[in-house]
Amino acid sequence: MIIRKEGSLLPQNPPDTLASKPLSTPKISFPRRPAGTLYRGREGMWSWVMHRITGVAIYFFLLVHILDTSLVRLSPESYNAVISSYKTPIMGLGEIALVAAIGLHALNGLRIILIDFWSVGTKHQRLMFYIVIGLWIVLLAGFVPRQLMHIFGGAA
Amino acid sequence: MSNAVMENSPAVPAEIATFTATLILRRFDPDKDAEPYWQDFDVVMQGTDRVLDALHKIKWEQDGSLSFRRSCAHGVCGSDAMRINGKNRLACKTLIKDLDISKPIYIEAIKGLPLEKDLIVNMDPFLESFKAVNPFLMAGSVPKDGKERKQSPIERARYDDTTKCILCAACTSSCPVFWTDGQYFGPAAIVNAHRFIFDSRDEGSQVRLDILNDKEGVWRCRTTFNCTDACPRGIEVTKAIAEVKQAILRGKS
Ligand code: SF4
Ligand code: FES
């Protein structure tokens, strides 16, 4: 529609309103995650992450373990002191973590061997992952209560 | 009376249901920005619209500076692999309605390759490792009668899966090993090597197996299966890699 205004023809709407308006003015988000989102991998990726973490943890345990056992040659007294410090409840809980880590690493290691060497291994990797988790839970269900009794139940 | 009028009037097509989706894009312009940042857009979409349509709508109607690659728009050319809600997908094969639209949709460039602008990465390192595996038929002899090289359907089926690759880089850029070690050949190069290694007409498979027996070759694969989940062509990528590993250990079968 055109209206006459002081003798000149003017469009009723200023030109910048002729184009349709964007639905919302783009707004800039505060950098919630400027580094990008976490990749949403599935069972395979998480089994790899757990395998790596438990692997590194077991490596450091072995390092310490080699050091403390080699103490026995240097000085049996300090060896005894160190070993008796392992009998505290904190170390008992640490043993649970150690068994959990080794159990997971071992079972998942078997899964990886099957993926690499069994012709249909790659097809069943997801199922095998849940079998690994299942066996791991059974293992912990057998070990953890006894260990807790051992730590907190006094003489056993 | 009024009913009769209604019946005779031309049928008005039912209005197509629309919904509003929020997209959060990871933007980066090397001329202006020191760091990538996230930007929100609201777009009205229909059930048949794909993520690529949403990106087009944003580029055409809201912000023309948005940059992304696409060509065929039908999952053939492999231009528009991107990370959609944290997973590598082709924008042209991902329907918006299949995503959870009650939440914003996060879209960013694929990971592990140098970011150039917005959703565009530099594909050169990816294509270099593709080239490095000799992705062409290597034959030392002239075919019988100077005609075609014959192949039975069974021989053809042996490597059928890996012929489907469109070099979109969704697999390679989903691989945690590739993110931390850009030297790794990556799943796509191994898939394309597999395509020729198991081709009965090819005579260069030992060359390729030697290339992939490298420190940065197949042994870098940690079987995370991210590549198999990401491949838009449904190629069993990890299986192909496992077969190449076996071929290196035991010879081709
Ligand atoms: S194997 Fe699949 S994901 Fe990898 S480049 Fe080829 S088509 Fe893309
Ligand atoms: S635009 Fe060609 S594959 Fe998506």
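First the proteins, then the strands, lettered A, B, ... as listed; each starts at 1.
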Counting only heavy atoms closer than 4.5 Å, note whether [X] contacts chain A via side chain, backbone, both or neither.
X: Lys245(B); answer: side chain
X: Ile58(B); answer: neither
X: Arg27(B); answer: neither

Distance (rounded to the nearest 0.5 Å) between [X] [atom1] and [Y] [atom2]:
X: Ile115(A); Y: Ile241(B); atom1: CD1; atom2: CD1; answer: 12.0 Å
X: Trp46(A); Y: Asn226(B); atom1: CH2; atom2: CG; answer: 9.5 Å
X: Leu249(B); Y: Phe117(A); atom1: CG; atom2: CZ; answer: 5.5 Å

Neighbour count >12 (heavy atoms, 6.0 Å) for atom [atom1], [X]:
X: Arg146(A); atom1: CZ; answer: no
X: Lys164(B); atom1: NZ; answer: yes
X: Leu63(A); atom1: CG; answer: yes
X: Leu67(A); atom1: CG; answer: yes
X: Leu62(A); atom1: CG; answer: yes

Using the side-chain contact (heavy atoms from CB on, under 4.5 Å) rule, pick out the option among Glu43(A), Arg42(A), Met45(A) that qualifies with Asp229(B).
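Among Glu43(A), Arg42(A), Met45(A), the one meeting side-chain contact (heavy atoms from CB on, under 4.5 Å) with Asp229(B) is Arg42(A).
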Test ring pair (Phe, Tyr, Trp, His ring centres under 6.0 Å) applied to Trp48(A) and Phe225(B), step by step:
CA-CA 10 Å; Trp48(A) 168 75; Phe225(B) 288 88; over 10 Å; no
Thr37(A) and Glu108(B): CA distance, side-chain angles, deciding distance, side chain to side chain donor-acceptor pair (under 3.5 Å) verdict:
CA-CA 8 Å; Thr37(A) 58; Glu108(B) 63 206 291; 2.4 Å; yes
Out of Thr223(B), Asn88(B), Thr228(B), which one racks up the most heavy-atom pairs below 4.5 Å with chain A?
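Top option by heavy-atom pairs under 4.5 Å: Asn88(B).
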Full working for side chain to side chain contact (heavy atoms under 4.5 Å, CB included) between Arg222(B) and Arg52(A)
CA-CA 10 Å; Arg222(B) 292 290 185 277; Arg52(A) 193 45 74 86; 3.5 Å; yes
